2 protein chains.
Amino acid sequence: MKQSNPDPYTDLAYSIHAVGARATPARMRALAALRHAAQPLSHADIEAELSAERMPLIDRVTLYRVLDWLTEVGLAHKVVDFHGVFRFSANTPDAKHTQHAHFRCTDCGRVTCLDEPVPALPHLPRGFRLARVELDIQGECADCVASH
Amino acid sequence: MKQSNPDPYTDLAYSIHAVGARATPARMRALAALRHAAQPLSHADIEAELSAERMPLIDRVTLYRVLDWLTEVGLAHKVVDFHGVFRFSANTPDAKHTQHAHFRCTDCGRVTCLDEPVPALPHLPRGFRLARVELDIQGECADCVASH
DNA sequence: CACTAAACGCAACTTGGTTGCATTTGATAT
DNA sequence: ATATCAAATGCAACCAAGTTGCGTTTAGTG
């Protein structure tokens, strides 16, 4: 095994070896794409990004498998967007009970990412363990309220 | 126009005429299915249900169009489930700021519907108008926490 | 450097959803 | 009752996202 920079987050090979798996180009490049992304990326987004790098192309099936694998081992997180498409984001090391709120305008369809955390949570049935919270608020955005 | 039972919710034709549209069999049967359902139904669910009724079959494209139309005029509500599939539910007349919380187990995948409302909301940017809130909590359910 | 389980690449397939267009029909006006 | 016509339907073809099976390649180890 090649010696890796031991920074637990920056080094791609390190992160992958850390879960006891083979550090292949497809995994490293996909993970790199996710880590540099500002928002969750779809399979299509990542495919476009990877094929822009002038390197061997990665098969779409491989990419599907890599993304699901990254999710499985906890290096990535998978969500469904409002169009029903899966989107992936890198799990940062400090991502504990990540709370996230989105506002979607039912009129223009735009999605706004609210920065404020969810102020309170309903309490879960006994024995349940919480990991992540996603709050989706729907309504009309300021622009649409004004213009309609 | 045939005289309709004026109960604003029970009568299918009435509800549809109320939005100024033609009360066709496809629309009435789809709306009926949604109103009798306990949970949001997918296109496939509804198609199965309608073809079980011994009546003329409704084309799948028509059903897609009817469901989107019901959503458009406010008689139904459209959400994306965790598999990325659209699901529809009837809008009850008293459905104002419907709040709903789901718990999804990241291990077994089961979705539990939490009855408690969301206790508090982040406040929206100025001018935004809230209509509906959906809270998705992820983690491990009691069974999986115990058995693992 | 040889070995092998793990990962990859390709082709074919499935599912959910959409588009275009000719035909039918619900509600209205006669 | 019946003619009318925009609105809605049915059909066929299409598209995008995701999956499966299988033979080939390769990362990491002994």
Side-chain angles (χ1 to χ4, degrees), chain A residues 1-4 11-31 40-51 55-73 75-76 78-88 109, chain B residues 1-4 11-31 40-51 55-73 75-76 78-88 109:
Chain A
M1 189 204 304
K2 185 173 56 157
Q3 177 61 13
S4 301
D11 191 301
L12 300 165
Y14 182 92
S15 303
I16 292 169
H17 288 149
V19 298
R22 284 164 54 176
T24 65
R27 287 176 175 174
M28 298 209 286
R29 290 169 63 194
L31 183 55
L41 302 179
S42 68
H43 175 277
D45 292 338
I46 300 171
E47 207 180 15
E49 204 163 304
L50 293 190
S51 59
M55 295 197 193
L57 291 179
I58 286 172
D59 186 76
R60 31 177 248 108
V61 176
T62 299
L63 184 54
Y64 275 117
R65 291 199 269 234
V66 163
L67 291 171
D68 281 335
W69 178 83
L70 287 171
T71 304
E72 215 177 281
V73 299
L75 288 170
K78 184 180 187 174
V79 291
V80 180
D81 73 13
F82 287 109
H83 301 301
V85 175
F86 294 125
R87 294 188 168 271
F88 299 83
Chain B
M1 185 205 299
K2 184 172 60 154
Q3 178 61 14
S4 300
D11 192 302
L12 300 166
Y14 182 91
S15 302
I16 292 169
H17 289 148
V19 298
R22 285 165 51 175
T24 66
R27 287 175 175 176
M28 299 209 284
R29 291 170 62 195
L31 183 55
L41 302 179
S42 67
H43 175 277
D45 292 338
I46 300 171
E47 206 180 16
E49 204 164 303
L50 294 190
S51 59
M55 294 197 192
L57 291 179
I58 286 172
D59 187 76
R60 35 178 244 109
V61 175
T62 300
L63 185 53
Y64 274 117
R65 292 198 269 233
V66 163
L67 291 171
D68 281 335
W69 177 83
L70 287 171
T71 304
E72 214 177 282
V73 299
L75 288 170
K78 185 179 188 176
V79 291
V80 179
D81 73 12
F82 288 110
H83 301 300
V85 175
F86 294 124
R87 293 187 168 270
F88 300 83

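Sequence lines set the chain letters: A, B, ... in the order given, protein chains first and strands last, and positions in each chain run from 1. Note that the structure is a prediction, hence the values are computed from the model and not measured.
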Nearest whole Å is fine: how far is [N] [atom2] from [X] [atom1]?
{"X": "Phe82(A)", "N": "dG17(C)", "atom1": "CZ", "atom2": "P", "answer": "16 Å"}
{"X": "Leu57(B)", "N": "dT24(C)", "atom1": "CG", "atom2": "C1'", "answer": "17 Å"}
{"X": "Lys78(B)", "N": "dG17(C)", "atom1": "NZ", "atom2": "C1'", "answer": "9 Å"}
{"X": "Asp59(A)", "N": "dT20(D)", "atom1": "CG", "atom2": "P", "answer": "15 Å"}
{"X": "Asp45(A)", "N": "dA16(D)", "atom1": "CG", "atom2": "P", "answer": "15 Å"}
{"X": "Arg87(A)", "N": "dA17(D)", "atom1": "CZ", "atom2": "P", "answer": "10 Å"}
{"X": "Phe88(A)", "N": "dA17(D)", "atom1": "CZ", "atom2": "C1'", "answer": "11 Å"}
{"X": "Leu67(A)", "N": "dT19(D)", "atom1": "CG", "atom2": "P", "answer": "11 Å"}

**Item:** Degree of bending in the helix from dC1(C)-dG30(D) to dT30(C)-dA1(D) once both end axes are built from five pairs, to 10°
**Value:** 30°
Side chains of [X] and [Y]: does their closest heavy-atom pair fall under 4.5 Å?
{"X": "Val19(B)", "Y": "Trp69(B)", "value": "yes"}
{"X": "Leu12(A)", "Y": "Arg27(A)", "value": "no"}
{"X": "His43(B)", "Y": "Leu67(B)", "value": "yes"}
{"X": "Leu41(A)", "Y": "Glu49(A)", "value": "yes"}
{"X": "Tyr64(B)", "Y": "Asp59(B)", "value": "no"}

**Listed partners of Arg65(A) passing side chain to side chain contact (heavy atoms under 4.5 Å, CB included), at least two apart** = Val61(A)
[X] versus [Y], closest heavy-atom pair with distance:
{"X": "Phe82(B)", "Y": "Phe86(A)", "result": "O-CE2, 3.7 Å"}
{"X": "Ile16(B)", "Y": "Ala23(B)", "result": "CG2-CA, 3.8 Å"}
{"X": "Ala30(A)", "Y": "Leu70(A)", "result": "CB-CD1, 4.4 Å"}

Would you classify [X] as touching base, sugar-phosphate or nothing, given that sugar-phosphate means primed atoms plus P, OP1 and OP2, and contacts are heavy atoms under 4.0 Å?
{"X": "Leu63(A)", "value": "nothing"}
{"X": "Ala23(B)", "value": "sugar-phosphate"}
{"X": "Asp68(A)", "value": "sugar-phosphate"}

**Asked** Are OP1 or OP2 of dT15(C) and a side-chain N or O of His83(B) less than 4.0 angstrom apart?
**Response** no
**Message:** On the nucleotide dT19(D), are OP1 or OP2 found under 4.0 Å from the side-chain N or O atoms that Tyr64(A) carries?
**Reply:** no
Of the listed nucleotides [options], the one nearest the side chain of [X]:
{"X": "Arg65(A)", "options": "dA17(D), dG9(C), dC8(C)", "answer": "dG9(C)"}
{"X": "Pro25(B)", "options": "dG26(C), dC11(D), dG18(D)", "answer": "dG26(C)"}
{"X": "Thr24(A)", "options": "dA27(D), dG17(C), dC11(D)", "answer": "dA27(D)"}
{"X": "Ala26(B)", "options": "dT9(D), dG17(C), dT19(D)", "answer": "dT9(D)"}
{"X": "Arg60(B)", "options": "dT18(C), dG9(C), dA27(C)", "answer": "dT18(C)"}

Between N or O atoms, less than 3.5 Å apart, protein on one side and nucleotides 23-26 of chain D on the other: list the pairs.
from	atom 1	to	atom 2	distance (Å)
dT26(D)	O2	Arg22(A)	NH2	2.8

**Request:** Could you verify whether a donor N or O on one side chain and an acceptor N or O on the other, from Ser42(A) and Asp45(A), lie under 3.5 Å apart?
**Result:** yes
**Prompt:** When you match Val61(B) and His43(A) each to their closest nucleotide on DNA chain D, which lands nearer the 5' end?
**Reply:** Val61(B)
**Request:** Take Thr62(A) and Ala44(B), find for each the nucleotide of DNA chain C with the closest heavy atom, and name the residue whose nucleotide sits nearer the 5' end.
**Result:** Thr62(A)
